[in-house]
Structures are given as structure tokens and as C-alpha cells.
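FYI, side chains are in, hydrogens and waters are out, and symmetry mates aren't considered; it's all heavy atoms of this structure.
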Amino acid sequence: MGKFQLCVSPVMGTLAIQASLLFPCASKSSSIKGGRPNGGVSQNLFAKFSSLTVKRLPRRTLLQFIGFSSMVLHVNPDFDAPMPDMKEPEAIRTLKLASGVRIQEIIEGEGPEASEGDIVQLNYVCRRSNGYFVHSTVDQFSGESAPVILPLDENKIIKGLKEVLVGMKVGGKRRALIPPSVGYINENLKPIPDEFGPRRSLLSHANEPLIFEVQLLKVL
């Protein structure tokens, strides 16, 4: 078997590919003289490969080819590195009370715990069960809040919200689904907006479940 040698040399913007076969047993009569080889086999091979020329190959393409080849040959040791352990997110558990109220503990506070009969300060967002916004003490655009102060007394606030707040700690956040049976059973129960428009909007949904997201700020 002979050995095939491929020579690549960019000259005057042209990539000339010259090929020649080296035969270790070749005689002196098959040597190249005057730019062309002697001997029938060598002449035929020279005629086939001497015309193999790719013209006008940009220098940038050649450099990219050379860089790609070296990149393929490079072995990145990071491929063998073990994957870091991924922690699964903790599922938020839902607590269902006898009244039908469903509570999710979003953040467990670290401050004093609210008890029945206490007066508390809180922020809240009220939505319909389909996520439609109803009312909030936090402005949706500016982020400014106007916390409300409520007594934990079911004769003054809706019973479902009182059940949500009792047992919460200051700094905590809870989300709750409150059925209408323990919601706005009359128009005098708080929390309720002072403005006519938001008040009317809230009471128009009094006969359907409402979602309250509450943040306990203080126990007074």
C-alpha cells in the first residue's frame, strides 16, 4: 500500500490542493522531473489530482475550518463532571376547615400569634375564584399599601377571614378560599371598601367563593 499525502496551501486567495502518492518501491524512472512525473502510473495520478483546485476560498472560511477542527479534537473535561443535586420545590399543603374554608400557608411568620378577640393590622388582596381582581389594600401599580385594622370577631368581620387570621404569626402570609356561607352574609361585615365603586363590585360577588391573600402586619 502507498501512503496518501494531502497538502493544503493558501496562495493568492486560492486554496490549491495538491496530492501525490509516495510509493516506497518506486524506481528511479518514476521520479518527477521538470514539474511532471515520469512513468505511466505516476503521470495518470498526477493528471487526476493536479486539477483538484478550489478557487476563491476566503481566508476567513479557512481559519474557521481550522478552528472548528481543533475544537472537535479538544475534549472538555467538564462533560464528565457529576450533575449537582437538585432540590425539589416544597409543595404548598392545603388545610380544609369544617366551615369549608381552604387555607394555604405561603409564609409562616415569626412574630406574635393572633388569637380570637385580638385586633390586628393586615394587608389583603381579594379575588374571585377564577382569579379576577376584586379589591386590595395594596395598589396594583404603585405598590403603596393602606393596611386595615380589624377585630377578630365574627360579628364584625366575615367569619371565614377570622378563621384564616386566627393562629397566624406576624409576618406570615396565607391564601384562602372562603365560601359564601362564611363570607359577606350581610353588607356590614368587614373588610369592605369605603369607596362606592369597589364596594359595589365586592358585594356583587358576595354569593360566590372568594380568594383572600392576607399578610399579617401587627397584633395590636
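The nearest pair of heavy atoms linking Pro209 to Pro180 is N-CD, 3.8 Å. For the pair Gly160 and Ile178, the tightest heavy-atom approach, listed with the atom from each and the gap, is C-CD1, 3.7 Å. For the pair Ser99 and Pro179, the tightest heavy-atom approach, listed with the atom from each and the gap, is O-CG, 3.8 Å. What you find for Pro112 and Val219 is that their closest heavy atoms are O-CG2, 4.1 Å.
With rounding to the nearest 0.5 Å, the separation of NZ in Lys159 from CG in Leu189 is 12.0 Å. Put simply, CG on Leu216 and CD1 on Ile107 are 12.5 Å apart, with the number rounded to the nearest 0.5 Å. Once rounded to the nearest 0.5 Å, the distance linking CE of Met168 with CG of Leu122 reads 8.5 Å. Distance check, rounded to the nearest 0.5 Å: CG of Asp139 to CZ of Phe141 gives 7.0 Å.
Judged by distance alone, with hydrogens and angles left aside, the side-chain atoms of Asp118 form no donor-acceptor pair with the main-chain N or O of Val120 at under 3.5 Å. In terms of modelled atom types and a separation under 3.5 Å, the side chain of Thr137 and the main chain of Tyr124 share a donor-acceptor contact.
Take Ser136 and apply the side-chain hydrogen bond (donor to acceptor under 3.5 Å, both in side chains) test, not counting sequence neighbours, and it matches no residue. Every residue two or more places apart in sequence or in another chain was checked for a ring pair (Phe, Tyr, Trp, His ring centres under 6.0 Å) with His205, and none qualifies. With sequence neighbours left out, the salt bridge (charged side-chain N to carboxylate O under 4.0 Å, His left out) criterion links Glu105 to Arg174.
In this structure, Leu97 is not a member of the same hydrophobic cluster as Ile106, with clusters built from ILVMFWY side-chain heavy atoms closer than 4.5 Å. Under the 4.5 Å side-chain heavy-atom criterion for Ile, Leu, Val, Met, Phe, Trp and Tyr, Val101 and Val134 are members of the same hydrophobic cluster. Hydrophobic clustering (ILVMFWY, side-chain heavy atoms < 4.5 Å, transitive): Val182 and Ile158 are in one cluster. Under the 4.5 Å side-chain contact rule for hydrophobic residues, Ile185 and Ile192 share a cluster. Note on Ile211 and Val214: separate hydrophobic clusters, where clusters join Ile, Leu, Val, Met, Phe, Trp and Tyr whose side-chain heavy atoms are under 4.5 Å apart, directly or indirectly.
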(request) Report the C-alpha separation of Lys169 and Glu113 in whole Å, then their side-chain angles, then the decisive distance to 0.1 Å, and conclude whether the salt bridge (charged side-chain N to carboxylate O under 4.0 Å, His left out) test is met. (result) CA-CA 4 Å; Lys169 295 181 179 180; Glu113 183 176 315; 5.0 Å; no
(message) Pair Phe212, Val164 - check side chain to side chain contact (heavy atoms under 4.5 Å, CB included), show working.
(response) CA-CA 9 Å; Phe212 274 83; Val164 174; over 6 Å; no
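Clustering of Ile, Leu, Val, Met, Phe, Trp and Tyr side chains at separations under 4.5 Å leaves Val138 isolated, with no partner residue.
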Got a list of side-chain donor-acceptor pairs under 3.5 Å for residues 143-154, not counting sequence neighbours?
| from | atom 1 | to | atom 2 | distance (Å) |
| --- | --- | --- | --- | --- |
| Asp153 | OD1 | Asn155 | N | 3.0 |
| Glu154 | OE1 | Lys162 | NZ | 3.1 |

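No more than 12 heavy atoms of other residues, nucleotides or ligands lie within 6.0 Å of CG in Asn207, so this atom counts as exposed by the packing criterion.
Pairs passing the side chain to side chain donor-acceptor pair (under 3.5 Å) check and including a residue from residues 178-201, sequence neighbours excluded, do not occur.
Between Leu202 and Pro193 the shortest side-chain heavy-atom distance falls below 4.5 Å. Residues Ile103 and Thr94 form no side-chain contact, since every pair of their non-hydrogen atoms from C-beta on lies 4.5 Å or further apart. Counting heavy atoms from C-beta outward, Glu213 and Arg127 have side chains that approach closer than 4.5 Å.
No side-chain donor from either of Glu208 and Ser129 sits under 3.5 Å from a side-chain acceptor of the other.
Ionic pairing of Glu108 and Lys173 is not present here: no N-O contact between side-chain nitrogen and carboxylate oxygen is shorter than 4.0 angstrom.
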